[in-house]
Structure formats: C-alpha cells, structure tokens
Amino acid sequence: MTLDALATVLVSGLVMGSVYALMASGLSLVWSTLGIFNFAHGALMTLGAYLAWTLAGSGVLGLPPWIAMLVAVALVAAVGVLLERLLIRPFYGHRAMLLVTVMTTLAATVFLSKGIQLVWGPRLKELPALAPGNVSILGTSISAQEALIVGVAPIVLGALWAFLRFSSTGRGIRAVGQNPQAAQLIGIDVPRLFAIAFALAAALAALTGILIGSVRLVTPSLGDEPLIKALIIVIFGGLGSMAGTIWAAYLIGLAEALLVFTIGIYWAPSTLFLLLILVLVLRPQGLMGKVVR
Amino acid sequence: MIARLLSSRGPIVAILLLAVALALPFLSDSTYLRHLMILVFIYGIVAASWDVTLGYTGIFNFAHTAFFGLGVYATGLLAKLGGLDPWASMLLGSVLVAGIAALVAWPVVRLQGIYVVLVTFAFSQLALQFVISQSDLTGGTQGLVRIPTIQLPGYNFLRDYKLGYYYVGLALLGLSVLGLQILVRSDFGLSLRALRDNEDYARARGIPVARQRLKALVASAFVAGLAGGFYAVYLRVASPEVFSFATTSLILSMVLVGGVGTLWGPVLAAVVLTLGSEALANVRGLDEGRHMLVAVAMILALRFLPGGLISALLPRRGAPDRAARPTVQGPTTP
Amino acid sequence: MTDALEVDGLSGGYDDYDVVSNIGLTVGASERVGLFGPNGHGKTTILNAISATLARRRGTVRFFGQPVDRARPQAIVAAGLIHVPQANTVFPDMEIQETLELAAWTPRARAARAENLDRVLALFPRLAERRRQLARTLSGGERQMLSIGVGLMCAPRMLMLDEPTLGLSPKLKDELAQAIATISAGGIPILVVEQDVAFVLSLVDRMYFVNHGAITREIGRRDAVDHDEIMAMYFGAGATA
C-alpha cells in the first residue's frame, strides 16, 4: 500500500469513525441510563436530516443552515421525550423490559420511517453544506463538510463527557443509570432524568443524521445502514462503557475504510460481520466491554 | 387442569379451523381471497416458527425474518439459476437456511440478553446488504423475478384460480404447525422451556444449554426457510423488502398479538393481520400508512394484551409460560 | 410540640398482598426510635411505605404535621425525611466526593451543601481520605459510612436508617453507633431498624417490636427488658400475636 493510499484510508476511516462515534455515544447513553437499546436511533437520525432540510434554504422555510440544524436537533429531542413517554415509560419494571422495549422501539422505527416516506416522499433531498469547499488533510483532499465532521465529533463527545461528569443533571443521569433506587432516595425524579437522557440521545441522533445528510443525500433509509454499523460497534465496544464504545467506533471506521480499499465496498460489511462472529465466539462479552446488567 | 382442558379442546378447535380452511375455496372462487389466504398460510408458518425460538426457547432472536428472506432467495436462485426442480429447490433452500442458522447460532447461543438481540439483528441487516450488493445474482434492489413455478406431472399450479397453491400452502401450514407442536411438546421442547424459565436449574439438571438452543434455532429457521421457499415459487419474485424492518415488525406483531408461547395464537393473528393489512393496502394513500398502523397495533398489544389474542379468546388461562412452569419446577425438593 | 413522624393505619406490600398492615408509630421531634424483630417480618417494608418507595400503600403519614402519605418519593426527600436503605451500594462507578455532592440534590440540600460536606467528612474521616475513590472499591463499613453520609447530604430533618451495621465487625459497629449518636445529638430525630437487640437498646430511647407484618409491642427505655423476655418475643409470644 502506498503512502498516498494509506492517507486516503486513514482520512476516510476518520470521517466514518467520527459519524459512528457520535451515533454510538447516543445508543450507549440510553443503554447505560435506561438499560434499554433504542432501535429507533437510526430513524431519529433520518428524521433530523429531513427536518433540517425542510427548515433550511433548500426546503420550505429558508432558515440559515446552522439555525435549521439547531432547530431540527431540538425538535427531534422533543420527539425523543414523546417516544420515552409512550414506548418506554409504561414498561419500567416489566419482567421482560429489555425485550419489550426492543420491540416497541422497533415499531417506532417502522412508524417513523414510513411516516417520513409519507410526508417527504421517496425523492432524494440535498442538505446545504454547513462548510462549503474543500480542504486538504495528510495530502488527501476532502470536502470541508467532511473535515467539519472530523472536527465536530470530538467537540460534541467532549461536551457530552463534561456534561455527564460535572453538571448536576449529568451526574444525576449517571446516578439513575447506576442505581435508580438510591437515586430516588436522594430526591431525584428518576423518570424525568430518564426522559432527559433519552431526549439527549435523540438530539445526538439528529445531529449525526444531519451531518451524514450533508455529505451524502438525504434518503428515507439514511439512518438504516449506520444503525447496523452502530450495532456492530456496540457489540465490539461493550454497551456499558461509553469510552469503549467510542474507541470501537473509530476502530471500526478505520477497519471499514481499510476493507473497502482492499476488498471493495460490497464485501466489506459481510467481512466485518464475520470478524465480529469470530470475536464473539472467542470473547462473548465483546472485545473491550463487560456484560453489564 | 386448565391446561388439560385446553389440550382436550385444542384438537377440536384445530379440526374446525382446518375444516373451514379446506372448505373455503368451495365457498368462494375469488382469486383475490385465495391469494390473501395463501399469504396468511405463509406468514402463519413464519410467525409460528418464530414463536418456537422467541416464545418457547426464550432466545431474543431477531434474525427470523432474515431466515425467511434467505429461504426466498435460496429457493429462487436454485430454481432459476441452478435449474433445479422448484420442489427440490424449496427443500434444499430450507436446508441451506438451516445451515446458515447453525452458523449464526454458534455465537448467539453463548451470548446473553441484549447481545443476542444485537447479533441477530446485525445478521439480518447484513443479509439484506449482501443480497443487495450481489446484484449480478440476486437482481439487487430490483429483486429476483420470474422464478419457476412448482409443477406436478400434468398439472399447472396456476390453473383453477390458484387452487393448487392454496392447498399446498394449507398443507405446509398444517404440517409445520403439527411438526412444531410435536417439537414443543416433546422432551426436547420441555428442556427448552426449562432452560427459558430457569437456566441455572436446567444446567444443573444436565441439560446442554448451548446445544439445545442451537437445535431450536436451526429447526425454527428450517421451517421459516420452507415458508420462504413456497413464497418464492408462489409469488415468483424475491424482493429485498422481505428483509426490511416493516416485514419484521409485521410478523413480530403476529407473534405478539397472537400470544407468545402459544403457537396457535400467531397463526390466528396472521389471519387477522394479513387480511387487515392487505385490505388497507388497497386504500389509496395507505400503502405506507398500513405499516404505521401495524406498528401501532404491536405497541398496543404489548401494552394492553400481554397474553395476546389467544388469552383474550380463551379467558382464565394464565400467562402461557406460567402454565408451563409447574412441569419444570416439580421436583425441586431439597 | 409536633412529633417528627406520625404514622397511623399504614399498610403496604407488593402486587396484590400486604406485607405490613395497620402500622401505627410516632417519632418525637428529637427522639431516637428503634424498630426490631425477626428477619422478613416487614421492618424494611415499613420504611419503604413511609418513604413512598413501595407502590402499594395505604394509611396516613405525617411529617412534622404535614401529611406526606400521598407525596412522591422526591417530595418526601425534599421535605427532609431521608431514608437510608439497607446494604446500599450507592453509585458504584462514582467517586466518593462526587457522590456526596450529588446527594445534595434538592434545593434545600443544595443550599447547605458545603457545610454538610464538611460535617460528613469530619464525622467519617475515612471517607475524607478516600474522596477520589470509586464507591465500588469501598469496604463494607466504608460503604455504610458513605450511605449514611449520603443521607446527611440530603439535609435531613429526620433520618430513617435500615440496619446501618449489617454484617460489620464489633469495632466498626461501635464506630457507627457513635456517629449515629453524634448525628442525633445535633437534633435530628432517628428511626432505626435493627436486628441486634443489644445494639438497638444502646442507641434508642424507645422501640417497637415488629412481628408478622404488625407492631405487636412498644418498649420504653425505662421498661426493664431482660434477655429472656426478648427471646420470648422472638420465638414464643410473637407467634401468637
């Protein structure tokens, strides 16, 4: 492999890894707080991208792209609050809560993605770039939009980390994830913090969806393929640890770029999956993770 | 006692239903009704076989629709490109699906909780990507078309307003449900339920956990693959849509609405939901909307009908797994 | 003067049956009261019913005169009635100091956070030494200290302690008993659940005997209760109640 090719692989792996890290952090946040896996995460990404399109210049309302993005993220967070209330809260304490919420969030995925097709139709939409033009990294030219993703991801993830570590709401979210009974006994309104964590994850999903939509086109299935990657990532990284998940995201991003370069785009996902099966046979708790809950 | 009452009434209900299904083509020669009923048979088989892993074995298996979809494609490819007899393709296709299921089951049976969901889900989505990406063989997003039909010497199954397909489908459903019924009532089925209800205890009694689960997955995948094979030779197309979230949630809603761990419940729900969903598909503008309605039905069933339709139809029967419990917990004296 | 806690006709339990029924008890404004009795007879359930962490409950509970029997758990904490549960693991992946700061969650507690933190760290110097350690790394005794410390950070107007010395060595028990006495001397009324009769006698002014989900006897400190009588309560008389 030439040095040029290596740089290309690295840069494209970094772009993908950043997207995956943003997405997986939302899944991990919901898992470690509410103890459920949110299958609607991909559909929320798609919803975010369409809302941003409708709000932004190319859509109906003509807001500046940055404003449109923020409003779309806030709207999807509100949808997150609604989903938590309707699909998850009724099942707290259910003896098969994990399985039941897999099913309800799956139903939400179908509902949202079919609803999106109904509202926006099957035609592809183009989101305006937040950062136009091209930049050169390691001698590889990429669009400024992709560079923006690589730059934004660590900032957002860092902000998320600081929020969970230092703010009192963030600490409360960690507390209800670790021991909801004890959290209740110090006066924390546990369901409210569950809703906040879910809304935050939905906001992260919307942001990820908008970033993907701005480098590719917005389609009704925008969130589907990243969701599969995110599944693989959280299996590799272990769901319980956000740090492990984020490392796994970048690792899988790079591995995927390498596989696409060496064996082509069609075989890369299947190879990745076979690798995953092998890893799981050897280490059922995930590559880095531990089985929590 | 209630269980005994049910099992004595069960065959009567089954025979009645079978009689109605057998007589239906003579009551109406509507091709459309027969078409819908054939879909009911197919979805009924898929839903009932899913119940074996999801309900009776307690494996959080979300690859079941993918096994069905792979059955569609395997049969389609064997018959169309392999030039094999469509009957043989169906059988060989399901054997292939069972083999793939064994491969997936290898790690899955050793995993716990959410990781089972994640791996089976990832598998089903990768199966979809694989089918789409190998477009030279599978037709990609366009799907595989003009799959040969099944034939008997001197009889074309397209004749008599789908009458032949109707009875083949009904026979497949009857045989599948009967086979699954025998399976879940056998010692093997009993050990599966023991595993589901109390894994540590079952393990202590010497039940080989991983092997039993693997067998259950392979058996249910074989039946789903068979349904897929019949789907391929009946509709003569294989489309990637069979792997979609929408198909998964349609069949899952049958299992849930019908009642997990009841086998007959999902078949009954297949009748209701297939007819309902197809009827809505004819309403203008509801083609996407009907999937949304199925999603809502599924959530409502989880929320308000935890035992499924069958528990509403047969009142006083407890949660299905509670009925199965005493057989497992019997000999726990210290 | 109003009692800190007045409980009357309190029943509660799980699903469709009551574990405890018709409980009546009071705790004076600066009193120390014990609940004792055999294991599995509903002592913990009484505390859960008071702190509203039990879904199924009926009866009246007044806290400094205010009815709290219909309040949600966080409202009861906000009012200052703090329940320190049995064998509390608190938040395993959080640091000690972080946990204590977090515990000052309600507005009233947050206002007194700095001074309460000083108080807790002075009361339990071992926690001060380990303030950067994760809670999961603590020993059993340290975990009990943290658990009580968390209760104190909630700015309690009354504490309910559930078996604060469960499984601890005699030396540690003494240490904790002293800490509890210090807290109480600061004017905080205490309701403590214990099985160890000697321990609870040394700690409280008055106690209630809990048997088969009911309070069957009240014993004042000045009532001479000898060992035989208590044994009779546990093994004999209790069964007929």
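All chains are named by letter (A, B, ...) in the order of the sequence lines, taking the proteins before the strands, and each is independently numbered beginning at 1.
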Check your understanding: For A:Thr169, is it the side chain, the backbone, both or neither that has a heavy atom under 4.5 Å from a heavy atom of chain C?
Key ->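 The answer is the backbone of A:Thr169.
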
Review point. Please walk me through it: do A:Asn179 and C:Val90 pass side chain to side chain contact (heavy atoms under 4.5 Å, CB included)?
Key: CA-CA 7 Å; A:Asn179 190 344; C:Val90 204; 5.6 Å; no

Identify the heavy atoms of [X] and [Y] that sit nearest to each other, and give their distance.
{"X": "C:Trp105", "Y": "A:Ile186", "answer": "CB-O, 3.6 Å"}
{"X": "A:Ala182", "Y": "C:Asn88", "answer": "CB-OD1, 3.7 Å"}
{"X": "A:Leu185", "Y": "C:Ser51", "answer": "CD2-OG, 4.1 Å"}
{"X": "C:Asp93", "Y": "A:Gln178", "answer": "N-OE1, 2.9 Å"}
{"X": "A:Ser168", "Y": "C:Arg110", "answer": "OG-NH1, 3.6 Å"}

Practice item. Take atom CZ of A:Arg165 as the centre, draw a 6.0 Å sphere, and report whether it contains more than 12 heavy atoms from other residues, nucleotides or ligands. Key: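 Yes, enclosed.
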
Check your understanding: Taking atom CZ of C:Arg72 as the centre, does the number of heavy atoms from other residues, nucleotides or ligands within less than 6.0 Å exceed 12?
Key ->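 No.
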
Review point. Any side-chain heavy atom of A:Val176 within less than 4.5 Å of one from C:Phe91?
Key: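 Counting from C-beta outward, A:Val176 and C:Phe91 never come under 4.5 Å.
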
Review point. Relative to chain A, which segment of C:Ala103 carries a heavy atom at a distance below 4.5 Å: side chain, backbone, both, or neither?
Key: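 The answer is both parts of C:Ala103.
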
Review point. Does A:Arg174 come within less than 4.0 Å of C:Glu98, counting only side-chain N to carboxylate O?
Key: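 Yes, A:Arg174 and C:Glu98 are salt-bridged.
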
Donor-acceptor contacts under 3.5 Å from residues 152-164 of chain C side chains, at least two apart:
from: C:Arg157; atom 1: NH1; to: C:Ala79; atom 2: O; distance (Å): 3.3
from: C:Asp162; atom 1: OD2; to: C:Thr44; atom 2: OG1; distance (Å): 2.9

Review point. Between A:Gln184, A:Gln181, A:Arg171, which has the largest tally of heavy atom pairs under 4.5 Å with chain C?
Key: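 The option with the most such pairs is A:Arg171.
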
